[in-house]
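Read the structure below first, then the notes.
Sequential numbering from 1 along the given sequence is applied to the chain's residues. Everything numeric here is computed off the predicted structure, so don't read it as measured data.
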Amino acid sequence: MAEDIGSTVPRRQLGRLLRQFRNEAGVTLDAAAEALEYSRQKIWRLECGMGSVRVLDVKAMCELYGVSPEMTEAMRGLAVETKSKGWWHAYGDAVPSWFELYVGLESAASRLRGYDESLIPGILQTKEYAHALIRLGRMMSDEERERAVEVRLQRQALLTRRLPAAPRLESILSEAVLRRSVGGPAVMGGQLDHLIRLSGLPNVSVRVLPLVAGPQPGAVAGTFMVLDFPPTKGGRAAPEPSVVYSESLTGALYLDKPDELAAYERVWRGLDALALGEAESKDMIKGLIGEIRHD
């Protein structure tokens, strides 16, 4: 997995550049579609970063929008990168189409900040905990269930990868997450042990938001993940803007407008101020492990 982060970020970068230059040229979607003999839907999909992009399409659009030769060449390079496939493509339907974008962004991120109020997040789950959760979802065959768990475990490899550098993960968990038994005492005890081990990694921080903290911003925001990204190669495009990911049973929201990001940054600051420190959090988790094993 390690070095292959797929095409998600290049697609999104290229799409933003195409939209930016079309707007700067004063060309509407309909006018661009007519001039290029494309469907309006095709141009919209390219600008939204949905799917790989042909170099020929980039060249034609850059000519229409009057983009400089130097920037056109940089965008052609991005178009080539949009054809690469991430490791998750090998798992087919085990990665839902609405979740595929998140896996690509997660693999490319340099910093992940997550708040979870109901369950241990996938990137921190043990195999046994994941199995117990997946059995609660839609009906699956044993093979489908195993593949879904494999995807979850494969995602965790990014926390220890060497190239590109592993991202910084900052996880704040509601105390309720740790007290909610999933799969029985043995599974839950193993999961809490796993949290202790992962929190020992230099790039991983696991902190607990105690129930005694009372009402807090996460109660309104719900579970979410903020993904921040590294500078682009050679600075040829603006850095990928941060994204807030919020998941539901059948889909997900990807929020990246400035006002949306600002709202979640305020929530994160509130959670950060109320959560226990790393050492105190580790002590609480160890105490819960003791309770489970002495019941």
Side-chain angles (χ1 to χ4, degrees), residues 1-2 5 102-103 105-127 129-130 152-180 182 188-214 216-219 221-231 239-240 242-247 261-290:
M1 165 203 178
I5 61 173
Y102 175 77
V103 179
L105 292 173
E106 181 183 67
S107 294
S110 56
R111 186 185 184 199
L112 304 164
R113 289 174 288 160
Y115 169 66
D116 290 84
E117 60 176 3
S118 300
L119 299 166
I120 303 291
I123 198 167
L124 297 177
Q125 291 175 9
T126 62
K127 183 176 182 177
Y129 187 99
R152 203 160 292 188
L153 299 179
Q154 181 78 329
R155 285 171 50 209
Q156 298 181 14
L158 67 84
L159 295 177
T160 54
R161 73 185 180 197
R162 292 188 297 173
L163 292 172
R168 166 77 177 166
L169 171 64
E170 299 169 35
S171 178
I172 295 179
L173 305 174
S174 167
E175 182 183 341
V177 172
L178 308 178
R179 292 188 176 277
R180 179 171 290 112
V182 173
M188 202 61 206
Q191 176 63 70
L192 296 182
D193 276 334
H194 188 59
L195 289 180
I196 296 290
R197 287 193 296 272
L198 287 177
S199 66
L201 294 174
N203 57 313
V204 175
S205 168
V206 177
R207 298 168 61 202
V208 180
L209 182 67
L211 293 174
V212 295
Q216 38 78 23
T223 292
F224 65 91
M225 179 71 82
V226 182
L227 302 95
D228 303 310
F229 301 91
E240 178 73 5
S242 297
V243 175
V244 175
Y245 173 80
S246 178
E247 184 178 315
L261 293 172
Y264 277 88
E265 286 289 351
R266 286 193 296 272
V267 170
W268 180 260
R269 287 196 296 272
L271 293 168
D272 184 55
L274 291 170
L276 300 176
E278 291 183 35
E280 293 173 291
S281 297
K282 188 175 293 187
D283 287 342
M284 176 179 278
I285 295 172
K286 288 179 178 178
L288 291 172
I289 294 171

I need the minimum non-hydrogen distance between A275 and P210, along with the two atoms involved. CA-CD, 4.5 Å

Between P230 and A109 the two heavy atoms that sit nearest each other are CD-C, 4.4 Å

So do L276 and R207 actually touch side chain to side chain, heavy atoms under 4.5 Å? no

Gap separating the OG atom of S242 from the OH atom of Y264, nearest 0.5 angstrom: 14.0 Å

Are the side chain of E175 and the backbone of L211 linked by a donor-acceptor contact shorter than 3.5 Å? yes

Does the side chain of P121 reach to within under 4.5 Å of the side chain of L173, using non-hydrogen atoms? yes

Using a 4.5 Å cut-off on heavy atoms from C-beta on, say whether the side chain of E247 contacts that of Y102. no

Any non-hydrogen side-chain atom of V177 less than 4.5 Å from a side-chain atom of I120? yes

Closest contact, heavy atoms only, I289 versus D193: CD1-OD1, 3.2 Å

Would you say that R113 contacts E265 through its side chain, given a criterion of any heavy-atom pair below 4.5 Å between the two side chains? yes

Is the shortest side-chain heavy-atom distance between L124 and D116 below 4.5 Å? no

Check whether any side-chain N or O of Q191 sits under 3.5 Å from a backbone N or O of A130 as a donor-acceptor pair, and report yes or no. no

Are the side chains of Y115 and V226 in contact, using a 4.5 Å heavy-atom criterion? no

Side-chain touch L195/L178, heavy atoms, less than 4.5 angstrom: yes

Do the side chains of E117 and R180 get close enough for a salt bridge, i.e. N-O under 4.0 angstrom? no

Just by distance, do the side chain of S281 and the backbone of V208 share a donor-acceptor pair under 3.5 Å? yes

Answer yes or no: is there a donor N or O on one side and an acceptor on the other, between the side chain of R161 and the main chain of P164, under 3.5 Å? yes

Check M188 against Y129 and note the closest heavy-atom contact, atom names and distance. SD-CE1, 3.9 Å

Salt bridge or not for R168 and D228, using N-O below 4.0 Å? no

Atom pair CZ/CD1 of F224 and I172 - distance to nearest 0.5 Å: 7.5 Å

Rounded to the nearest 0.5 Å, what's the gap from CG on L192 to NZ on K282? Could you check? 13.5 Å

Verify, without hydrogens or angle tests, whether Q216 (side chain) and G270 (backbone) share a donor-acceptor contact under 3.5 angstrom. no

Give, for atom CD1 of I123 and atom CE of M225, the distance between the pair rounded to the nearest 0.5 Å. 6.0 Å

Separation between CG of L227 and OG of S107, rounded to the nearest 0.5 Å: 10.0 Å

Roughly how far apart are L209 CG and D272 CG, rounded to 0.5 Å? 10.5 Å

Trace of the side-chain contact (heavy atoms from CB on, under 4.5 Å) decision for Y245 with E106: CA-CA 10 Å; Y245 173 80; E106 181 183 67; over 6 Å; no

